[in-house]
Amino acid sequence: FIFFEKLNSKKEKKVGENLQNSEKNKKYDIIVVGGGPAGYVAAIRAAQLGALVAIVEKDTLGGTCLNRGCIPTKHYLQNAKRIEEVRSLKMHGILLSDENFSLDMQQIVAGKNEVVRTLTTGVEGLLQSYGIPIFHGEASIHPDRSVTIGSQKIFADKIILATGSTAAVLPIEGAQSKRVLTSDEILDLAEIPKSLTIIGGGVIGVEMATIFSAYGTEVIIVEAMDRILSFFDREIVAQMTELLLQKNIRIITSAQIQRLEEKSDGIITHLSDQQIESELVLMSVGRRANVEAVQSLDLVMENHFVHVDDTMRTNIDWLYAVGDVNGRKMLAHAASKMGEVAAENALLGTNKKISSAIPSCVYTHPEIASIGKKEEDFSPEEISIGRFSYSYNGRALASGKLQGFVKIIVGKKYGEILGAQILGENATELINELSLIMQNELTAHEVIETIFAHPSYSEIIMEACADALGRSIHLPKKG
(Lines give C-alpha, C1' and ligand atoms only; values in the text may rest on other atoms or scores of the structure.)
Protein backbone atom coordinates (compact mmCIF):
# COMPACT_ATOMS: atom_id res chain seq x y z
CA PHE A 1 0.00 0.00 0.00
CA ILE A 2 2.74 2.46 0.87
CA PHE A 3 4.44 1.83 -2.47
CA PHE A 4 1.29 2.58 -4.43
CA GLU A 5 0.50 5.59 -2.27
CA LYS A 6 3.71 7.25 -3.45
CA LEU A 7 2.86 7.00 -7.14
CA ASN A 8 2.46 10.32 -8.88
CA SER A 9 -1.28 11.05 -8.81
CA LYS A 10 -1.33 13.31 -11.87
CA LYS A 11 0.49 10.73 -13.94
CA GLU A 12 -1.92 8.05 -12.74
CA LYS A 13 -4.93 10.13 -13.78
CA LYS A 14 -3.57 10.74 -17.28
CA VAL A 15 -2.64 7.09 -17.76
CA GLY A 16 -6.10 6.09 -16.51
CA GLU A 17 -7.85 8.43 -18.96
CA ASN A 18 -5.78 7.14 -21.87
CA LEU A 19 -6.47 3.56 -20.83
CA GLN A 20 -10.20 4.17 -20.67
CA ASN A 21 -10.19 5.70 -24.15
CA SER A 22 -8.30 2.73 -25.57
CA GLU A 23 -10.64 0.27 -23.82
CA LYS A 24 -13.84 1.86 -25.16
CA ASN A 25 -16.20 -0.64 -26.84
CA LYS A 26 -13.87 -3.50 -25.90
CA LYS A 27 -15.19 -6.98 -25.11
CA TYR A 28 -14.19 -8.42 -21.74
CA ASP A 29 -14.56 -11.81 -20.14
CA ILE A 30 -15.93 -10.16 -17.01
CA ILE A 31 -17.01 -6.66 -16.07
CA VAL A 32 -17.38 -5.93 -12.38
CA VAL A 33 -19.69 -3.04 -11.49
CA GLY A 34 -18.68 -1.68 -8.10
CA GLY A 35 -15.25 -1.37 -6.50
CA GLY A 36 -15.95 -2.21 -2.86
CA PRO A 37 -14.82 -5.32 -0.93
CA ALA A 38 -16.99 -7.56 -3.14
CA GLY A 39 -16.17 -5.91 -6.45
CA TYR A 40 -12.43 -5.35 -6.33
CA VAL A 41 -11.86 -8.84 -4.90
CA ALA A 42 -13.99 -10.36 -7.68
CA ALA A 43 -12.01 -8.44 -10.30
CA ILE A 44 -8.63 -9.50 -8.92
CA ARG A 45 -9.69 -13.15 -8.56
CA ALA A 46 -10.94 -13.16 -12.14
CA ALA A 47 -7.64 -11.69 -13.32
CA GLN A 48 -5.74 -14.34 -11.36
CA LEU A 49 -7.70 -16.95 -13.34
CA GLY A 50 -6.53 -15.39 -16.59
CA ALA A 51 -9.67 -13.43 -17.50
CA LEU A 52 -9.75 -10.08 -19.27
CA VAL A 53 -11.43 -7.92 -16.63
CA ALA A 54 -12.69 -4.36 -16.25
CA ILE A 55 -14.11 -2.67 -13.16
CA VAL A 56 -16.50 0.28 -12.91
CA GLU A 57 -16.74 2.52 -9.83
CA LYS A 58 -18.84 5.69 -9.52
CA ASP A 59 -17.15 6.93 -6.33
CA THR A 60 -13.93 6.04 -4.52
CA LEU A 61 -12.62 2.48 -4.65
CA GLY A 62 -13.07 0.53 -1.44
CA GLY A 63 -16.82 0.98 -1.08
CA THR A 64 -18.63 1.70 2.16
CA CYS A 65 -16.26 -0.47 4.21
CA LEU A 66 -13.08 1.44 3.48
CA ASN A 67 -14.57 4.89 3.02
CA ARG A 68 -17.50 5.23 5.43
CA GLY A 69 -17.88 2.01 7.42
CA CYS A 70 -15.56 -0.66 8.81
CA ILE A 71 -12.27 1.22 8.68
CA PRO A 72 -13.31 4.77 9.73
CA THR A 73 -15.40 3.48 12.64
CA LYS A 74 -12.55 1.31 13.91
CA HIS A 75 -10.28 4.39 13.93
CA TYR A 76 -12.82 6.19 16.13
CA LEU A 77 -13.47 3.12 18.28
CA GLN A 78 -9.76 2.72 18.97
CA ASN A 79 -9.70 6.31 20.25
CA ALA A 80 -12.71 5.53 22.44
CA LYS A 81 -10.89 2.49 23.82
CA ARG A 82 -7.81 4.60 24.59
CA ILE A 83 -9.98 7.04 26.55
CA GLU A 84 -11.62 4.24 28.53
CA GLU A 85 -8.22 2.71 29.31
CA VAL A 86 -6.86 6.04 30.56
CA ARG A 87 -9.88 6.35 32.85
CA SER A 88 -9.22 2.87 34.25
CA LEU A 89 -5.48 3.34 34.93
CA LYS A 90 -6.05 4.30 38.57
CA MET A 91 -7.53 0.88 39.42
CA HIS A 92 -4.36 -0.71 38.00
CA GLY A 93 -2.08 1.36 40.20
CA ILE A 94 -1.11 3.93 37.56
CA LEU A 95 -1.81 7.42 38.91
CA LEU A 96 -1.99 10.43 36.62
CA SER A 97 -1.44 13.90 38.00
CA ASP A 98 -4.23 15.19 35.73
CA GLU A 99 -6.95 12.96 34.27
CA ASN A 100 -8.60 15.69 32.20
CA PHE A 101 -8.44 15.48 28.42
CA SER A 102 -9.86 17.20 25.37
CA LEU A 103 -10.40 16.07 21.78
CA ASP A 104 -8.88 17.63 18.69
CA MET A 105 -11.57 16.65 16.20
CA GLN A 106 -9.69 18.13 13.26
CA GLN A 107 -6.76 15.81 13.96
CA ILE A 108 -9.06 12.84 14.60
CA VAL A 109 -10.91 13.35 11.31
CA ALA A 110 -7.63 13.96 9.46
CA GLY A 111 -6.17 10.75 10.92
CA LYS A 112 -9.24 8.82 9.84
CA ASN A 113 -9.05 10.27 6.34
CA GLU A 114 -5.36 9.38 6.06
CA VAL A 115 -6.04 5.76 6.98
CA VAL A 116 -8.85 5.63 4.43
CA ARG A 117 -6.73 7.23 1.73
CA THR A 118 -3.89 4.77 2.30
CA LEU A 119 -6.21 1.79 1.92
CA THR A 120 -8.20 3.07 -1.06
CA THR A 121 -5.01 4.05 -2.86
CA GLY A 122 -3.72 0.57 -2.13
CA VAL A 123 -6.80 -1.01 -3.73
CA GLU A 124 -6.26 1.07 -6.85
CA GLY A 125 -2.65 -0.02 -6.97
CA LEU A 126 -3.61 -3.68 -6.62
CA LEU A 127 -6.03 -3.42 -9.55
CA GLN A 128 -3.39 -1.66 -11.64
CA SER A 129 -0.86 -4.37 -10.82
CA TYR A 130 -3.19 -6.89 -12.47
CA GLY A 131 -3.72 -4.62 -15.48
CA ILE A 132 -7.40 -4.14 -14.70
CA PRO A 133 -8.79 -0.93 -16.27
CA ILE A 134 -10.88 1.20 -13.91
CA PHE A 135 -13.85 3.07 -15.41
CA HIS A 136 -15.06 5.93 -13.23
CA GLY A 137 -18.71 6.93 -13.40
CA GLU A 138 -22.31 5.75 -13.08
CA ALA A 139 -22.83 2.38 -14.74
CA SER A 140 -25.92 0.98 -16.46
CA ILE A 141 -26.11 -2.71 -17.32
CA HIS A 142 -28.15 -3.65 -20.41
CA PRO A 143 -29.74 -6.90 -21.68
CA ASP A 144 -27.15 -7.18 -24.49
CA ARG A 145 -24.45 -7.64 -21.81
CA SER A 146 -23.12 -4.15 -22.29
CA VAL A 147 -22.28 -1.60 -19.61
CA THR A 148 -22.49 2.10 -20.32
CA ILE A 149 -20.51 4.63 -18.32
CA GLY A 150 -21.45 8.05 -19.60
CA SER A 151 -20.67 8.07 -23.33
CA GLN A 152 -18.61 4.88 -23.10
CA LYS A 153 -19.90 1.38 -23.75
CA ILE A 154 -18.10 -1.87 -22.94
CA PHE A 155 -19.20 -5.50 -23.30
CA ALA A 156 -18.60 -8.75 -21.45
CA ASP A 157 -19.52 -12.43 -21.46
CA LYS A 158 -20.32 -12.25 -17.72
CA ILE A 159 -21.05 -9.34 -15.42
CA ILE A 160 -20.72 -9.21 -11.64
CA LEU A 161 -22.92 -6.67 -9.86
CA ALA A 162 -21.26 -5.38 -6.69
CA THR A 163 -22.89 -1.98 -6.22
CA GLY A 164 -23.31 -2.26 -2.46
CA SER A 165 -25.83 -0.43 -0.32
CA THR A 166 -26.72 2.96 1.11
CA ALA A 167 -27.80 3.91 4.62
CA ALA A 168 -31.58 3.74 4.94
CA VAL A 169 -33.69 6.54 6.43
CA LEU A 170 -37.07 6.03 8.08
CA PRO A 171 -39.92 7.54 6.06
CA ILE A 172 -41.13 9.75 8.89
CA GLU A 173 -41.80 13.45 9.25
CA GLY A 174 -38.62 15.42 9.98
CA ALA A 175 -36.21 12.74 8.78
CA GLN A 176 -34.74 15.14 6.20
CA SER A 177 -33.63 17.63 8.86
CA LYS A 178 -29.99 18.76 8.71
CA ARG A 179 -29.73 17.56 12.30
CA VAL A 180 -30.48 13.98 11.22
CA LEU A 181 -27.30 12.20 10.13
CA THR A 182 -26.50 8.74 8.81
CA SER A 183 -23.30 6.76 9.33
CA ASP A 184 -22.04 8.35 6.09
CA GLU A 185 -21.87 11.83 7.64
CA ILE A 186 -21.43 11.46 11.39
CA LEU A 187 -17.72 10.60 11.31
CA ASP A 188 -16.91 13.89 9.60
CA LEU A 189 -18.28 16.08 12.40
CA ALA A 190 -16.00 18.99 13.27
CA GLU A 191 -17.35 19.13 16.83
CA ILE A 192 -18.56 16.51 19.28
CA PRO A 193 -22.29 16.90 20.00
CA LYS A 194 -23.38 17.40 23.58
CA SER A 195 -26.19 14.90 23.09
CA LEU A 196 -27.07 12.30 20.46
CA THR A 197 -30.16 10.18 19.89
CA ILE A 198 -29.37 7.01 17.94
CA ILE A 199 -32.37 5.52 16.16
CA GLY A 200 -31.58 1.84 15.77
CA GLY A 201 -29.80 -0.50 18.17
CA GLY A 202 -28.07 -2.69 15.61
CA VAL A 203 -24.33 -3.10 15.15
CA ILE A 204 -23.72 0.40 13.75
CA GLY A 205 -25.93 2.07 16.35
CA VAL A 206 -24.24 0.33 19.28
CA GLU A 207 -20.74 0.99 17.94
CA MET A 208 -21.57 4.67 17.44
CA ALA A 209 -22.99 4.84 20.96
CA THR A 210 -19.70 3.42 22.28
CA ILE A 211 -17.69 6.02 20.36
CA PHE A 212 -19.64 9.12 21.27
CA SER A 213 -20.24 8.14 24.88
CA ALA A 214 -16.47 7.80 25.37
CA TYR A 215 -16.00 11.15 23.63
CA GLY A 216 -18.26 12.80 26.22
CA THR A 217 -21.62 12.87 24.44
CA GLU A 218 -24.86 12.06 26.25
CA VAL A 219 -26.18 9.11 24.20
CA ILE A 220 -29.62 7.52 23.96
CA ILE A 221 -30.32 4.44 21.83
CA VAL A 222 -33.90 4.05 20.60
CA GLU A 223 -34.73 0.56 19.29
CA ALA A 224 -38.02 -0.75 17.85
CA MET A 225 -37.34 -4.36 18.87
CA ASP A 226 -37.51 -5.62 22.44
CA ARG A 227 -33.71 -5.62 22.69
CA ILE A 228 -30.67 -4.18 20.98
CA LEU A 229 -28.50 -6.37 18.72
CA SER A 230 -31.51 -8.61 18.10
CA PHE A 231 -29.62 -10.96 15.76
CA PHE A 232 -27.18 -11.98 18.51
CA ASP A 233 -27.49 -14.50 21.32
CA ARG A 234 -29.84 -13.28 24.09
CA GLU A 235 -27.39 -14.11 26.88
CA ILE A 236 -24.63 -12.10 25.19
CA VAL A 237 -26.97 -9.17 24.50
CA ALA A 238 -28.20 -9.08 28.11
CA GLN A 239 -24.64 -8.66 29.39
CA MET A 240 -23.74 -6.09 26.72
CA THR A 241 -26.86 -4.10 27.56
CA GLU A 242 -25.78 -3.96 31.20
CA LEU A 243 -22.26 -2.85 30.21
CA LEU A 244 -23.65 -0.07 28.00
CA LEU A 245 -25.86 1.13 30.84
CA GLN A 246 -22.76 1.26 33.05
CA LYS A 247 -21.24 3.64 30.47
CA ASN A 248 -24.29 5.91 31.03
CA ILE A 249 -25.76 5.06 27.63
CA ARG A 250 -29.53 5.15 27.93
CA ILE A 251 -31.43 2.42 26.02
CA ILE A 252 -35.12 2.55 25.08
CA THR A 253 -36.51 -0.62 23.49
CA SER A 254 -39.90 -1.51 21.95
CA ALA A 255 -40.07 2.12 20.86
CA GLN A 256 -42.39 3.48 18.19
CA ILE A 257 -41.05 6.65 16.56
CA GLN A 258 -43.74 9.06 15.40
CA ARG A 259 -41.81 12.00 13.99
CA LEU A 260 -38.76 14.24 14.34
CA GLU A 261 -39.06 17.93 15.09
CA GLU A 262 -36.16 20.29 14.42
CA LYS A 263 -35.55 23.20 16.78
CA SER A 264 -33.08 26.06 16.58
CA ASP A 265 -30.70 24.36 19.03
CA GLY A 266 -31.55 20.70 18.59
CA ILE A 267 -34.09 18.12 17.55
CA ILE A 268 -36.95 16.33 19.30
CA THR A 269 -37.61 12.65 18.71
CA HIS A 270 -41.30 12.01 19.30
CA LEU A 271 -42.05 8.49 20.52
CA SER A 272 -45.52 7.14 21.16
CA ASP A 273 -45.14 7.66 24.92
CA GLN A 274 -42.38 10.26 25.38
CA GLN A 275 -40.16 12.88 23.76
CA ILE A 276 -36.37 12.95 23.60
CA GLU A 277 -34.43 16.14 23.02
CA SER A 278 -30.88 16.04 21.67
CA GLU A 279 -28.48 18.09 19.61
CA LEU A 280 -28.34 15.53 16.77
CA VAL A 281 -30.02 12.32 15.65
CA LEU A 282 -28.17 9.42 14.05
CA MET A 283 -30.39 7.35 11.77
CA SER A 284 -29.08 3.79 11.97
CA VAL A 285 -31.93 1.61 10.73
CA GLY A 286 -30.25 -0.64 8.20
CA ARG A 287 -29.27 -0.27 4.57
CA ARG A 288 -30.90 -0.45 1.14
CA ALA A 289 -29.41 -2.01 -1.98
CA ASN A 290 -28.01 0.19 -4.76
CA VAL A 291 -29.79 -1.19 -7.84
CA GLU A 292 -29.80 1.82 -10.15
CA ALA A 293 -27.37 0.06 -12.49
CA VAL A 294 -29.82 -2.75 -13.30
CA GLN A 295 -33.04 -0.86 -13.94
CA SER A 296 -33.21 -2.08 -17.55
CA LEU A 297 -32.98 -5.74 -16.52
CA ASP A 298 -35.82 -8.04 -15.51
CA LEU A 299 -34.23 -9.14 -12.26
CA VAL A 300 -35.93 -11.12 -9.54
CA MET A 301 -35.85 -9.10 -6.31
CA GLU A 302 -36.33 -10.24 -2.72
CA ASN A 303 -37.16 -7.67 -0.04
CA HIS A 304 -35.69 -4.94 -2.29
CA PHE A 305 -32.40 -6.84 -2.73
CA VAL A 306 -31.24 -8.74 -5.82
CA HIS A 307 -32.14 -12.41 -5.45
CA VAL A 308 -29.27 -14.86 -5.96
CA ASP A 309 -28.81 -18.57 -5.42
CA ASP A 310 -26.04 -20.03 -3.27
CA THR A 311 -23.56 -19.69 -6.15
CA MET A 312 -24.24 -15.92 -6.42
CA ARG A 313 -26.11 -16.28 -9.75
CA THR A 314 -29.16 -14.13 -10.42
CA ASN A 315 -32.09 -15.26 -12.57
CA ILE A 316 -30.12 -13.91 -15.57
CA ASP A 317 -27.55 -16.56 -16.45
CA TRP A 318 -24.71 -14.13 -17.24
CA LEU A 319 -25.23 -11.87 -14.23
CA TYR A 320 -23.97 -12.46 -10.69
CA ALA A 321 -24.69 -10.25 -7.67
CA VAL A 322 -22.37 -10.12 -4.66
CA GLY A 323 -22.06 -8.23 -1.40
CA ASP A 324 -24.64 -5.93 0.12
CA VAL A 325 -26.67 -5.68 -3.09
CA ASN A 326 -27.95 -9.23 -2.60
CA GLY A 327 -28.72 -8.68 1.10
CA ARG A 328 -27.60 -12.15 2.14
CA LYS A 329 -24.91 -11.21 4.65
CA MET A 330 -24.11 -7.50 4.76
CA LEU A 331 -20.55 -7.81 6.00
CA ALA A 332 -17.37 -6.81 4.17
CA HIS A 333 -15.61 -10.15 4.72
CA ALA A 334 -18.66 -12.05 3.47
CA ALA A 335 -18.82 -9.73 0.46
CA SER A 336 -15.20 -10.43 -0.44
CA LYS A 337 -15.72 -14.17 -0.33
CA MET A 338 -18.87 -13.80 -2.44
CA GLY A 339 -16.78 -11.90 -4.97
CA GLU A 340 -14.23 -14.70 -5.16
CA VAL A 341 -16.93 -17.36 -5.51
CA ALA A 342 -18.78 -15.44 -8.22
CA ALA A 343 -15.59 -14.89 -10.24
CA GLU A 344 -14.69 -18.59 -10.10
CA ASN A 345 -18.19 -19.76 -10.98
CA ALA A 346 -18.50 -17.26 -13.82
CA LEU A 347 -15.20 -18.25 -15.40
CA LEU A 348 -14.92 -21.94 -14.59
CA GLY A 349 -18.56 -22.93 -14.83
CA THR A 350 -18.45 -24.35 -11.30
CA ASN A 351 -21.14 -24.22 -8.62
CA LYS A 352 -19.00 -23.17 -5.68
CA LYS A 353 -20.78 -21.80 -2.61
CA ILE A 354 -19.55 -19.66 0.24
CA SER A 355 -19.22 -21.15 3.70
CA SER A 356 -22.14 -20.82 6.09
CA ALA A 357 -19.66 -20.20 8.92
CA ILE A 358 -19.42 -16.42 8.64
CA PRO A 359 -18.36 -14.43 11.71
CA SER A 360 -20.37 -11.40 12.82
CA CYS A 361 -18.59 -8.83 14.97
CA VAL A 362 -19.42 -5.80 17.09
CA TYR A 363 -16.39 -3.66 17.96
CA THR A 364 -17.64 -2.32 21.26
CA HIS A 365 -15.64 -2.39 24.50
CA PRO A 366 -15.64 -5.27 25.24
CA GLU A 367 -16.23 -6.78 21.81
CA ILE A 368 -18.92 -9.21 20.64
CA ALA A 369 -18.46 -11.92 18.04
CA SER A 370 -20.71 -14.71 16.85
CA ILE A 371 -20.66 -17.52 14.32
CA GLY A 372 -23.05 -20.27 13.33
CA LYS A 373 -26.31 -20.89 15.15
CA LYS A 374 -27.57 -19.71 18.53
CA GLU A 375 -28.76 -21.71 21.52
CA GLU A 376 -32.39 -20.82 20.85
CA ASP A 377 -32.14 -22.45 17.41
CA PHE A 378 -32.04 -25.93 18.98
CA SER A 379 -33.99 -28.08 21.38
CA PRO A 380 -32.10 -28.82 24.63
CA GLU A 381 -31.77 -32.53 23.88
CA GLU A 382 -29.84 -31.84 20.66
CA ILE A 383 -26.96 -29.84 22.07
CA SER A 384 -24.52 -29.34 24.89
CA ILE A 385 -23.54 -25.81 25.91
CA GLY A 386 -20.01 -25.01 27.03
CA ARG A 387 -19.18 -21.75 28.78
CA PHE A 388 -15.97 -20.30 30.11
CA SER A 389 -15.61 -16.89 31.70
CA TYR A 390 -12.79 -14.43 31.05
CA SER A 391 -12.52 -14.09 34.83
CA TYR A 392 -11.15 -17.67 34.98
CA ASN A 393 -8.49 -17.03 32.32
CA GLY A 394 -4.94 -16.18 33.41
CA ARG A 395 -4.21 -13.78 30.55
CA ALA A 396 -7.48 -11.91 31.12
CA LEU A 397 -6.85 -11.68 34.86
CA ALA A 398 -3.31 -10.38 34.37
CA SER A 399 -4.58 -7.82 31.84
CA GLY A 400 -7.55 -6.69 33.92
CA LYS A 401 -9.99 -7.75 31.16
CA LEU A 402 -12.44 -9.75 33.24
CA GLN A 403 -15.70 -8.93 31.51
CA GLY A 404 -17.25 -11.54 29.26
CA PHE A 405 -17.36 -15.21 28.38
CA VAL A 406 -17.22 -17.69 25.50
CA LYS A 407 -20.24 -19.85 24.76
CA ILE A 408 -19.88 -22.90 22.51
CA ILE A 409 -22.80 -24.92 21.09
CA VAL A 410 -21.85 -28.55 20.50
CA GLY A 411 -23.95 -31.29 18.92
CA LYS A 412 -24.45 -34.13 21.37
CA LYS A 413 -24.27 -36.90 18.77
CA TYR A 414 -20.94 -36.14 17.09
CA GLY A 415 -19.42 -33.32 19.12
CA GLU A 416 -19.47 -30.95 16.14
CA ILE A 417 -19.39 -27.22 16.85
CA LEU A 418 -22.66 -25.72 15.64
CA GLY A 419 -22.16 -22.16 16.79
CA ALA A 420 -20.29 -19.90 19.17
CA GLN A 421 -20.68 -16.51 20.81
CA ILE A 422 -18.04 -14.42 22.50
CA LEU A 423 -18.26 -11.33 24.67
CA GLY A 424 -14.90 -10.01 25.80
CA GLU A 425 -11.44 -8.71 24.96
CA ASN A 426 -10.24 -9.67 21.47
CA ALA A 427 -13.54 -11.40 20.68
CA THR A 428 -13.32 -10.28 17.05
CA GLU A 429 -9.94 -12.00 16.74
CA LEU A 430 -10.85 -15.15 18.67
CA ILE A 431 -13.90 -15.77 16.48
CA ASN A 432 -11.59 -16.48 13.54
CA GLU A 433 -10.30 -19.57 15.35
CA LEU A 434 -13.84 -20.85 15.53
CA SER A 435 -14.40 -19.98 11.88
CA LEU A 436 -11.40 -22.13 10.97
CA ILE A 437 -12.58 -24.93 13.26
CA MET A 438 -16.10 -24.95 11.81
CA GLN A 439 -15.00 -24.59 8.18
CA ASN A 440 -12.81 -27.67 8.56
CA GLU A 441 -15.46 -29.58 10.55
CA LEU A 442 -13.29 -30.16 13.60
CA THR A 443 -15.16 -31.44 16.63
CA ALA A 444 -14.97 -30.25 20.20
CA HIS A 445 -13.11 -33.51 20.94
CA GLU A 446 -10.36 -32.52 18.49
CA VAL A 447 -10.20 -28.98 19.84
CA ILE A 448 -9.53 -30.10 23.40
CA GLU A 449 -6.76 -32.42 22.23
CA THR A 450 -4.99 -29.39 20.74
CA ILE A 451 -2.32 -27.68 22.85
CA PHE A 452 -3.07 -23.97 23.31
CA ALA A 453 -0.39 -21.52 24.42
CA HIS A 454 -0.58 -20.33 28.02
CA PRO A 455 -1.39 -17.73 29.06
CA SER A 456 -3.60 -16.71 26.14
CA TYR A 457 -7.16 -15.61 25.52
CA SER A 458 -7.48 -18.51 23.06
CA GLU A 459 -7.48 -20.95 25.97
CA ILE A 460 -11.02 -19.76 26.72
CA ILE A 461 -12.21 -21.41 23.49
CA MET A 462 -10.59 -24.71 24.41
CA GLU A 463 -12.01 -24.56 27.94
CA ALA A 464 -15.53 -23.81 26.65
CA CYS A 465 -15.31 -26.82 24.31
CA ALA A 466 -14.12 -28.93 27.23
CA ASP A 467 -17.01 -27.70 29.37
CA ALA A 468 -19.49 -28.76 26.65
CA LEU A 469 -18.00 -32.26 26.89
CA GLY A 470 -17.87 -32.26 30.71
CA ARG A 471 -14.06 -32.16 30.68
CA SER A 472 -13.06 -28.63 31.72
CA ILE A 473 -10.08 -28.76 34.06
CA HIS A 474 -10.44 -25.17 35.26
CA LEU A 475 -14.12 -25.12 36.18
CA PRO A 476 -15.43 -26.49 39.51
CA LYS A 477 -16.92 -29.94 39.35
CA LYS A 478 -20.63 -29.81 38.55
CA GLY A 479 -23.18 -31.48 40.78
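Side-chain atoms of Ser435 never come within 3.5 Å of backbone atoms of Pro359 as a donor-acceptor pair (strictly under, hydrogens ignored). Using modelled atom types, one side-chain atom of Asp377 and one backbone atom of Lys374 make a donor-acceptor pair closer than 3.5 Å.
Among residues at least two apart or in separate chains, salt bridge (charged side-chain N to carboxylate O under 4.0 Å, His left out) pairs with a member in residues 452-467 are Asp467-Lys478. The stretch residues 160-172 participates, sequence neighbours left out, in no salt bridge (charged side-chain N to carboxylate O under 4.0 Å, His left out) pair at all.
In this pair, Tyr390 and Tyr457 present their aromatic rings tilted. The plane angle is within the 30 to 60° band.
Of the listed residues (Ile160, Val306, Val308, Ile159), just one forms a side chain to side chain contact (heavy atoms under 4.5 Å, CB included) with Leu319, and that residue is Ile159. Checked options Ile198, Ile228, Ile249; the residue passing with Val206 is Ile228 (criterion: side chain to side chain contact (heavy atoms under 4.5 Å, CB included)).
Contact check on Arg328 versus Asp310 returns a salt bridge, with a Lys/Arg side-chain nitrogen under 4.0 Å from an Asp/Glu carboxylate oxygen. Taking the charged nitrogens against the carboxylate oxygens, Arg471 and Glu449 do have a contact shorter than 4.0 Å, which makes a salt bridge. One finds no salt bridge joining Lys353 and Asp309 here, because no Lys/Arg side-chain nitrogen approaches an Asp/Glu carboxylate oxygen to under 4.0 Å. Between Glu84 and Lys81 no salt bridge is recorded (no basic side-chain N to carboxylate O distance below 4.0 Å). For Glu114 and Arg117, the salt-bridge test passes: some basic side-chain N is under 4.0 Å from an acidic carboxylate O.
Cation-pi check for Lys158 over Tyr320 is not met; the charged atom does not lie both under 6.0 angstrom from the ring centroid and within 45 degrees of its normal.
A donor-acceptor contact closer than 3.5 angstrom links the side chains of Tyr130 and Gln48.
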Using a 3.5 Å cut-off and no angle test, enumerate the donor-acceptor pairs between side-chain atoms of residues 414-422 and protein atoms at least two apart in sequence or in another chain.
residue, atom, partner, partner atom, Å
Gln421, NE2, Lys373, O, 3.2

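For Ala80, the side-chain contact (heavy atoms from CB on, under 4.5 Å) partners at least two apart in sequence or on another chain are Ala214, Tyr215, His365. Annotation: side-chain contact (heavy atoms from CB on, under 4.5 Å) contacts of Glu302 (sequence neighbours excluded): His307. In this structure Phe388 satisfies the ring-ring contact (aromatic ring centres under 6.0 Å, His included) test together with Tyr392, sequence neighbours excluded.
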